[in-house]
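First the structure, in the form of structure tokens, and then the observations on it.
Chain letters run A, B, ... following the sequence lines, proteins first, then strands; residues in each count from 1.
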2 protein chains.
Amino acid sequence: MMSKKCKYAFKALTHLAKRYPDTHCQTAEIARVENIPRKFLELILLDLKKGGFVNSKQGAGGGYYLVKAPETILLGEIYRLFDGAIALLPCVSLKFYEKCKDCPDEVACGLHRVFLQIRDQTLKLMLQKTVSDIL
Amino acid sequence: MMSKKCKYAFKALTHLAKRYPDTHCQTAEIARVENIPRKFLELILLDLKKGGFVNSKQGAGGGYYLVKAPETILLGEIYRLFDGAIALLPCVSLKFYEKCKDCPDEVACGLHRVFLQIRDQTLKLMLQKTVSDIL
DNA sequence: TATAAATTCTATTAAACAAGTAGGGTATTT
DNA sequence: AAATACCCTACTTGTTTAATAGAATTTATA
């Protein structure tokens, strides 16, 4: 399961994508339309900004807008930003790799082999689908 | 990411599968060989027993053994037993379905559509692979 | 039949994480 | 100057994770 934070991020990006590349939106509007708690959404948009997916303008009449085209924002990138690894085991993760302490030999490990296949498949789709596929 | 509990369950099942259908194993042995905290493993084996995957014999010389053949134990079943839904969103889960409170229309929801595809793909593999594939 | 061996059951714990909430600070427009 | 809207830090409440502890129960066997 993905966190609500991650789901809200997808919804916010989708909302902004509808306006892309013209106007920008305010958090209050996104929160209202997408049914996301406003203050929680602010934190999410801030993370998306740090991640380089959106940018913002402060002050009256300001707001958020997409930096990249919707079809260039991969779902996997967003997932990783909020929920970390896409893989089901740390030892098969590409971006969040960690050795299993209880496993003496990764190469011989059957779990490693099987869950690498599952990761490959999921990863492929997650890095192929973009925000524009949600629209 | 799957929980350690779930990973340990897979390892325990694999350990038992090596002996199948002949002998049974004791938790102490599994714990030692597979590097799993013994008391934690006991809880896991109990859950696997309640789930109908293993059975046990109490008393001296007792232990756990597989009830089903390794090739009939689907990875998805075990995953669900310990970690719940395989899907990334509650609204696309088969066994743990829940409506998203923030979403007015599931049919029109782009997130729903995309993550249903991802679930379908993952589910297929998770219900196709079995414990014998880990061996 | 006593004893040791093994599972079974219930409870507790510390740490991390999830999902927000709160409130003030900073920048910009009007 | 005032209103607007993003920016930042901290806090809270509840749940989950990953164990640990100890006693109860069952069974083989010496």
- request: Check every strand shown and say whether A:Lys7 touches a base, only sugar-phosphate, or nothing at a heavy-atom separation below 4.0 Å.
  value: nothing
task: Please list, chain by chain and in numerical order, all residues satisfying salt bridge (charged side-chain N to carboxylate O under 4.0 Å, His left out) with B:Asp102, sequence neighbours excluded.
output: A:Lys7, A:Lys11
task: Please state how far atom CG in B:Leu46 lies from atom P in D:dA19, giving the value in whole angstrom units.
output: 18 Å
message: I need the CE-P distance between B:Met1 and C:dA18, as an integer number of Å.
response: 13 Å
field: Pair listing, side-chain hydrogen bond (donor to acceptor under 3.5 Å, both in side chains) test, anchored in residues 50-62 of chain B, at least two apart
entry: B:Lys49-B:Ser56
query: Looking at side-chain heavy atoms only, is the closest gap between A:Leu75 and A:Ile134 below 4.5 Å?
result: yes
- line: Hits for ring pair (Phe, Tyr, Trp, His ring centres under 6.0 Å) against A:Phe40, two or more places apart or cross-chain, chain-then-number order -> A:Tyr8
query: Under 4.0 Å: is that the gap between some side-chain N or O of B:Ser56 and OP1 or OP2 of C:dA6?
result: no
- prompt: Just checking, is any N or O donor in the side chain of A:Lys129 or B:Gln117 under 3.5 Å from an acceptor N or O on the other one?
  reply: yes
N/O-N/O pairs, protein side and nucleotides 13-15 of chain C side, under 3.5 Å:
none

message: Which residues pass the side chain to side chain contact (heavy atoms under 4.5 Å, CB included) test with B:Gln26, not counting sequence neighbours?
response: none
field: All salt bridge (charged side-chain N to carboxylate O under 4.0 Å, His left out) counterparts of B:Arg113, not counting sequence neighbours
entry: none
task: May I ask you to list the residues of residues 10-43 of chain A, by number, that have any heavy atom positioned under 4.0 Å from an atom of DNA chain C?
output: A:Pro37, A:Lys39, A:Phe40, A:Leu43
Nucleotide C:dA6, atom P - distance to NZ of B:Lys49 in whole Å: 16 Å
statement: So ring pair (Phe, Tyr, Trp, His ring centres under 6.0 Å) across residues 102-135 of chain A, not counting sequence neighbours, yields A:Phe115-B:Phe10
- prompt: Hey, does B:Leu16 have a side-chain heavy atom less than 4.5 Å from the side chain of B:Ile30?
  reply: yes
message: Can you tell me if A:Tyr65 touches the phosphate of D:dA5, counting only side-chain N or O atoms and a distance under 4.0 Å to OP1 or OP2?
response: no
query: Checking B:His24 side chain against B:Gly61 main chain: does a donor-acceptor pair fall under 3.5 Å?
result: yes
task: Might you point out which heavy atoms bring A:Glu77 and A:Thr72 nearest each other, and give the distance in Å?
output: OE1-O, 4.0 Å
- request: Nearest whole angstrom, please: distance from the P of D:dC6 to the NZ of A:Lys50.
  value: 15 Å
Integer-rounded Å distance: C:dG20 P and A:Asp47 CG: 15 Å
message: Taking salt bridge (charged side-chain N to carboxylate O under 4.0 Å, His left out) as the definition, give me every residue that meets it alongside A:Arg19, ordered by chain and number, with sequence neighbours left out.
response: A:Glu29
task: Would you mind reporting whether A:Val131 and A:Lys68 have side-chain heavy atoms less than 4.5 Å apart?
output: no
field: Strand-adjacent residues in residues 75-95 of chain B, judged by heavy atoms under 4.0 Å from DNA chain D
entry: none
- line: Between CD1 of A:Ile44 and P of D:dC6 the distance, given in whole Å, is 14 Å
message: Would you say A:Tyr8 places a side-chain N or O within less than 4.0 Å of OP1 or OP2 belonging to C:dA18?
response: no
task: Whole angstrom is fine here: how far is it from CG in B:Leu45 over to P in C:dT8?
output: 9 Å
Quick one: which protein N/O atoms are closer than 3.5 Å to N/O atoms of nucleotides 27-30 of chain D? Pair and distance per line, please.
| unit_1 | atom_1 | unit_2 | atom_2 | d |
| --- | --- | --- | --- | --- |
| D:dT27 | O2 | B:Ala60 | N | 3.4 |
| D:dA28 | O4' | B:Ala60 | O | 3.4 |

message: Enumerate the ring pair (Phe, Tyr, Trp, His ring centres under 6.0 Å) contacts for residues 60-82 of chain A, please, sequence neighbours excluded, ordered by first and then second residue.
response: none
